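In what follows, a structure is listed as structure tokens, so that the remarks can point back to it.
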Amino acid sequence: MSGSRTASKRKKVAGFGILLRYRDKDSAYGVSRPTAVKLADTLGVSETQVIHFALAHLAKQTLPRYEIDNGPLTDEQMDEIRRLQPTGRMKTRERLF
């Protein structure tokens, strides 16, 4: 009876999990279990948290932090911007670099 109570109190998983297979040896594309354990011990967190930290770091490093735009402005848009600028008050530049 106590077994079913424990099962009902378990935290529900929000989505599907993934299977992580550690590499036999460390490389640029994976780490071994001993390395993950060392990282967890060094950081004072669980192996799961090490994986989340690594993925968060990779996402921050790799994914854009802004919404992708529609490309360069059209000639009509540039003409409208030039028309709306007050004359003589600012220097304008077409390119930043």
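Treat the numbers as computed from the prediction; the structure is a model and nothing was measured. Counting from 1, the numbers follow the sequence of the chain as shown.
With values rounded to the nearest 0.5 angstrom, D41 atom CG is found 8.5 Å from E47 atom CD. From T35, atom OG1 reaches atom NZ of K25 across 12.5 Å, with rounding to the nearest 0.5 Å.
By the side chain to side chain contact (heavy atoms under 4.5 Å, CB included) test, T74 pairs with E76, Q77, sequence neighbours left out. R23 meets the salt bridge (charged side-chain N to carboxylate O under 4.0 Å, His left out) test with no other residue; sequence neighbours excluded.
Within the 3.5 Å criterion, the main-chain N or O of K38 finds a donor-acceptor partner in the side chain of T42. Within the 3.5 Å criterion, the main-chain N or O of S32 finds a donor-acceptor partner in the side chain of D26.
Residues L73 and I81 form a side-chain contact, since some pair of their non-hydrogen atoms from C-beta on lies under 4.5 Å apart.
Cluster annotation: V37 is not connected to L39 through the hydrophobic network of ILVMFWY side chains, with a link wherever side-chain heavy atoms come within less than 4.5 Å. Linking Ile, Leu, Val, Met, Phe, Trp and Tyr whenever their side-chain heavy atoms come within less than 4.5 Å leaves L84 and M78 in two separate clusters.
Residues K60 and R65 share a closest heavy-atom pair of O-NH2, 3.0 Å. Smallest separation of non-hydrogen atoms from I51 and Y22: CD1-OH, 4.3 Å.
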